[in-house]
Each structure stands twice: as C-alpha cells, then as structure tokens.
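Sequence lines set the chain letters: A, B, ... in the order given, protein chains first and strands last, and positions in each chain run from 1. Nothing here was measured: the structure is a model prediction, and the numbers come from that model.
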Amino acid sequence: MPTGAPPRPRRRRPHGKPALFGALFVVPAALYVAIFQLGPVLYGLVLSFTRYSPLSRSGPEFVGLDNYRSLYGDPEFGRAMLITGRYVLQVLPITVVIALGLALLSNRAFRGVGLFRTAMYVPHVVSLTAVSMIWLWIYSDDGVINQILDLLGMAGQRWLSTEDAALNAASAMRVWKALGSNMVLLLAGLQTVPKDLYEAARVDGANAWQQFRAVTLPGLRPMLTYVIAMDIIYLAQGFTEIFVLTQGGPYGSTTTVNFLIYTEAFQYNQMGSASAMAFVLFAFIAGLSIVAIRVGQGRRL
Amino acid sequence: MTALMARARRRPRSSRLWPRVMVLSVVTALVLLPFVWMTSLAFTPEGAAFSEVRLIPAQPTLENFATAMRVANLDTAFINSAVVTSIAVLTNCVIPVLAGYAFAHLPFRGSKVVFYVLISTAAIPVSVTLIPLFLMAKNFPLAGGNDLLGSGGSGLLDSLGGLMLPYLVGTMNIFLSRQYFAGMDRDFAEAARIDGASEFRIFSRIYLPMARPLIALVAVFSFTGVWDDFLWPLVVSTSERSTTVQLAITTFASTGNVKYGALMAATILVSIPVLVVFLVNQRGFISGLSEGGLKG
C-alpha cells in the first residue's frame, strides 16, 4: 500500500494486504464451485462423447460424436424436445399475462394487499413434489374436478391417463404454481416505473391503455425480460411434476427431455447418451433465453 | 404517487378500489383452494374422502396423520432432511457471504472475472451436472467402502454426505451477498484498517453485524431450496436409510392403491417447515427475490 496516500483512498482499488485477503476469502467458495459445478460440466461434456454404464467393469468408451449423431435421428428424443417446447410455450404466455394483470391490479396501497401478495406466493414456496401430490388428487378419477363436472351433469375425464389431456393438466398446475412469484417480481418492476411519467402522459391526454403502452410496458421491460427468461429456464427443465403426475405417460405424451434424461441415465444406465441429451437441452434453454433477452431488449416488445 | 392521489381525490377512494379488491379476493381464493382441499382431505376419515367435496369434513379425524407417520417413513425422512438442510444453511451463511463481501470490498486482480465465472454457473441446467455429480458421489475417495481412487464401494451414495454434496455453496448467494455489501460504505473499513484491525475482524465485527437481513435471506433461500429439492435425493438415495421428506411422500404415493387422506396428511407435515420459514421472513423473502431481478 503506497504511503502518503491521498486523504480519501475510497476510489482506489485496494491492493496489497486487503486484496490478498480478498482473494483468500473467495477461495472456499471458488474451490467448491470449481469442484462441484464447473468440474461436473466438463466431466459431463467428456461423458457425452463416450458410451458408459456404471454397472459395467470397464470405464467409459470413447465414441466421438456418436451419441449426438444418434440423438439427431432419434424419434423418442425428438418427441421429448417437442413436448418440452410445447410445455414452455403453453405455460409461459398464460402465466405472464395473468401475473401482469394481477400485478397491475395490486399495484395500489389498500388494506389487505399484503395478505393478497403473501397468499399468491404460497404455491411457489411449497415444494413442487408437494403441490404435485395435491393435483394428483385433484385430477384423479374421483378427484375434485370430476366431482364438480358430475355436479354440473357433465361426464368426468381421466385427466392424467389420456394422451390429449395429460400435458395440459401438468401445464395448468405449473401456471398456478408460477403465478405468484411472477406477479411479485412484476410488481417490484412496476414500482420502479417513475410516477411522474404517468402524470406527464395524462397531461398529454393519454388514456389508460396508451399510458400502459407508453409508460408501463417500457418501464417494465427489464423485469419482464428477467421473468420470462427465468420461466423458460425453469419450465424447460420440467421433471418433478411429470415424475409425480404421469411418469412420462400415457404413451410418452408427457415425457419431457429432463424426464427422458433421468430414465436414460438411471433406469437404462446409459450415462453417455444421457449426458449428450443434457447438453442438447442446455443449448436449447440457452438459445431460447437468449432469444427472449434479445427480444426484451429490442425496441418493440 | 401525486398522480394517484390526484385521481383518488376526484372520487371517493373506496368506490374506486372495491372492484379490484373483489377481483383479487376471488383470485386469492382460487389460488388457495387446492390447499384448502388438501387440508380438508387430510382430516377426512379414509373411505369417506371421495363421497363428496366438503370444505369442512363431517367427522374430522387425525388418523391420516398417524397412518402417514407409520407408513411413509416420515420419521427417518424428517431427521435426514433436517440434518442436511441445517448443514447446508450453515455453510451457505458463511462461504458465499464471505466471498460476496470480498467481491464487493476487497477486489483483487481478476476478481471481476472470477465473480462472473462463479455466477454464470447458476444458469447451468440441473440435468447437465446431475450425472457427473452422481458419478462423483459414487466414486468419492475413502467413503462407503471406496479406496483412495474411489472404486470398490458405493461412495457417498445412500448417505447424508452424498445428499448434501451439491447444496453447500449456492452461487446465487454469492451474487446476493456481493450486491448487499456493495451498498455499504467502505469508510468503516478504512477507519478500522488505520486502527490496525485485521481484514477478517473488519468483516466479522463491522460488516457482518450490519448484514443481518442478508443472512436471513440467504438462510431462507437455502432452507427452502434444500428442503424442497427432489431430483438429487431421487438419484443419490438408494434406500430408506437416506430418504428425505420429498422423496418419502413420492414413494408413499407410488405404493399401489393411493390413500389420498394419508398422502395429504404427509404432504402437510412436509410443507409446514417451509411455510413457517416463509411466513416468518416473507418481507425479506419477497424483496430479496425482486432484488435479483432488478439488479440482475
């Protein structure tokens, strides 16, 4: 540390002793992340170029691009990709639109608004496993939906064991679960929109819809982008709800990529091809969220 | 705010607000309805559950809770989950917080790069690291009958050590900590440094006590994240010995003919800890969540 430093050394980058301690304080976290996060990514990448079953005596056998090549023509994997894409695309818009509506409605101080926000947030806090259990009953043959349909004189359905209905049933549950956290985030975004912009818009004679288009949406864009990107990342990894509600069935109609990876790796012990699937999914998620972020930063929403 | 007040003055406040309060109340009721059904079902005697939907069971009973505890292995699951979660909360309140503090106040050569590399791992899908982590747990040296090279036994599979392996440092917590400490004044540190205080002392005696809301947030996030996780226990736990709460309710659900009353009772028991932690800390929880989006 230079002696005779200026009276306010705040702006300077600490060096010498403080910097040394800085590096020291980071070591435990960096070491852990390197071993248990970055290491596995590299290990997984290597595995994706091999054929490997942990049950066999021999180690991983290098097969080059074979795993990726066979995924390209694999109808099962292709179908799982389509199902995952459809899952994301049918849950995301509904959740975001409803959550935005609710955020706009509750962006006002009135008695009970805190209670409302807390209540909306509960489905997000309770584990995906637990809420899936509740919906397993709701969708069961004698469950509440069929009981209500019965009261209305309509025929019940086998929600989780019909090909057409099962993925939609899981989607409806995810909409319900994601609403609260999306709403809370969008609400926080709404509160960063400068209030005087609304005043200015009103002076210019803008109606409610014009104010929404000209002031609310542009101000909300960073948070909206974040919410959409996070939703994509979560939804594209759908697994737990599928495991509990349908086990990927009926006839593979709810087999998401993550569910396929799980069965490939832990039921068929194909660690190599499962790793290749995981990296394709990684690329898919990264691509989709980069598109979302690009669009979010663009001029038009 | 002035705009809102100007508008509110024009018409009585209550009449302007009641439509939105109505809509929000209906939505709240709908969102909470599944939990109401869950609770009602958990107190309904087995066999009567499917006769009709009732919000309050005709003859409430606790028998489902007893069945759940007996059949679903919940006692082992609760102990395992409690141990794993407590240790993960503890390590997460220390290691990432210390790192976040250093990134904010003690920058070193290349610290920005290190920070971004660490943070970027938060975007890696779980399935990418799942298989390698499983193999690493299985081949962990000198554990579960393994030799120094990690072969021969089952390693950390089916053990508490294996269960907690991926939870000990959450990268999001490093991010949250850096953001939090970056908002604090550096002058305190400068003054203490001139007085000859060590860097660790400056952290532990000056900054850490001011960072209580951060610690609470990190603790709550880690608690819910670890307690609620399902996929990792599913692959690493190979017997009832190392089961967790989330795992216990799913195995219970998949044992042939599902007893929904007992299943809902088990689900309630498993969810109570996270609900309590959330309700006690909800302000910090919600603002912390929003912070990630506003600054990130």
Side-chain angles (χ1 to χ4, degrees), chain A residues 9-10 13-14 18-19 21-23 25-26 28-30 32-33 36-38 40-41 43-44 47 102 105-106 110 116 118-120 123 125-127 129-130 133-134 137-138 142 144 147 184-185 188 192 195 198-199 223 226 237 239-240 244 258 261 265-266 271 274-275 278-279 281-282 285, chain B residues 1 3 17 20-21 23-24 27-28 31-32 34 37-38 50 53 95-96 98-99 101-102 106-108 111 114 118 121 124-129 131-133 166 168-169 171 174 186 190 199 224 228 230-231 235 246 249-250 253 260 263 267 270-271 274-275 278 282 286 289-290 293-294 296:
Chain A
R10 244 181 111 188
R13 293 176 71 81
F21 274 92
F25 289 177
V26 168
Y32 180 89
V33 174
F36 294 108
Q37 282 284 338
L38 294 171
V41 175
Y43 187 7
L47 274 177
L102 293 174
L105 278 177
S106 60
F110 56 85
F116 165 72
T118 306
M120 289 297 293
V125 179
V126 176
S127 73
T129 333
M133 290 302 160
I134 306 174
W137 172 71
I138 291 176
D142 303 308
V144 72
Q147 288 190 41
V184 164
L185 287 169
T192 62
K195 295 284 191 289
Y198 288 103
E199 183 77 345
M223 187 54 103
Y226 174 78
Q237 297 189 62
F239 172 79
T240 302
V244 173
N258 241 4
I261 293 171
F266 297 100
M271 298 295 179
S275 294
F279 276 92
L281 179 66
F282 192 2
I285 293 175
Chain B
M1 206 57 224
L17 280 174
R20 56 175 84 207
V21 173
V23 173
L24 293 177
V27 171
T28 312
V31 164
L32 291 182
W37 285 326
M38 165 182 78
F50 302 114
V53 194
I95 302 171
L98 194 60
Y101 169 78
L106 303 169
F108 50 91
S111 60
V114 176
L118 294 188
T121 62
I124 299 167
V126 185
S127 49
V128 166
T129 50
I131 295 161
L133 273 172
L168 300 179
V169 175
T171 31
I174 303 178
R186 281 193 191 179
E190 289 301 332
E199 289 301 329
T224 50
D228 286 353
F230 174 66
L231 184 50
V235 302
Q246 309 299 339
I249 52 173
T250 48
Y260 281 104
L263 178 60
T267 305
V270 160
S271 307
V274 276
L275 281 175
F278 164 64
Q282 48 160 319
I286 287 175
L289 190 91
S290 314
L294 288 176

note = Applying a strict 4.5 Å limit to non-hydrogen atoms, the region of Gln237(A) in contact with chain B is side chain
task = Under 4.5 Å heavy-atom distance to chain B, tell me which part of Phe239(A) shows up: side chain, backbone, both or neither.
result = side chain
inquiry  = Using a 4.5 angstrom heavy-atom cutoff, name the option from Val270(B), Leu231(B), Thr224(B), Leu275(B) with the most pairs to chain A.
reply    = Leu231(B)
query = Is it the side chain or the backbone of Val41(A) that comes within 4.5 Å of chain B heavy atoms, both, or neither?
reply = both
inquiry  = Is any side-chain heavy atom of Leu168(B) closer than 4.5 Å to one of Tyr32(A)?
reply    = yes
query = Are side-chain heavy atoms of Phe278(B) and Thr118(A) found at a separation under 4.5 Å?
reply = yes
request  = Give, as side chain, backbone, both or neither, the part of Leu263(B) having an atom under 4.5 angstrom from any heavy atom of chain A.
outcome  = side chain
query = What heavy-atom pair brings Phe25(A) and Ala102(B) nearest, and what distance separates the two atoms?
reply = CB-CB, 3.7 Å
key: Heavy-atom pair count under 4.5 Å with chain B, highest-scoring of Leu102(A), Leu105(A), Asn258(A), Val33(A)   = Leu105(A)
ask   = Is the shortest heavy-atom distance from the side chain of Asp142(A) to the side chain of Tyr260(B) under 4.5 Å?
value = no
request  = Grab the two heavy atoms, one from Met271(A) and one from Ile131(B), that are nearest each other, plus how far apart they are.
outcome  = SD-CG2, 3.4 Å
query = Mind checking whether Met120(A) and Leu24(B) have side chains closer than 4.5 Å, heavy atoms only?
reply = no
inquiry  = Which one wins on heavy-atom pair count under 4.5 Å against chain A: Thr28(B), Val128(B), Thr250(B), Thr267(B)?
reply    = Val128(B)
query = Relative to chain A, which segment of Val114(B) carries a heavy atom at a distance below 4.5 Å: side chain, backbone, both, or neither?
reply = side chain
remark   = Bottom line for Ile261(A): the part with an atom under 4.5 Å from chain B's heavy atoms is side chain
ask   = Are any of the side-chain heavy atoms of Thr129(A) and Asp228(B) separated by less than 4.5 Å?
value = no
key: When Ser275(A), Gly44(A), Pro123(A), Ala265(A) are compared by non-hydrogen pairs under 4.5 Å with chain B, the top option   = Pro123(A)
key: Check: Ser127(A) and Val274(B) side chains under 4.5 Å, non-hydrogen atoms   = no
Residue among Val244(A), Val126(A), Val26(A) with most heavy-atom pairs under 4.5 Å to chain B = Val26(A)
ask   = Any side-chain heavy atom of Ile138(A) within less than 4.5 Å of one from Trp37(B)?
value = yes
task = Mind listing the closest non-hydrogen atom pair of Ala278(A) and Ser127(B) along with its distance?
result = CB-O, 3.6 Å
Closest non-hydrogen atom pair, Pro125(B) against Ile285(A) = CG-CD1, 4.0 Å
remark   = In terms of heavy-atom contacts, Ile174(B) and Ala29(A) come closest through CD1-CB, 4.1 Å
inquiry  = Please find the pair of heavy atoms, one from Ser271(B) and one from Ala130(A), that lie closest to each other, and give the distance.
reply    = OG-CB, 3.6 Å
Which atoms of Phe36(A) approach chain B - backbone, side chain, both or neither, heavy atom under 4.5 Å = both
key: Thr129(B), part contacting chain A, at a heavy-atom distance under 4.5 Å   = both
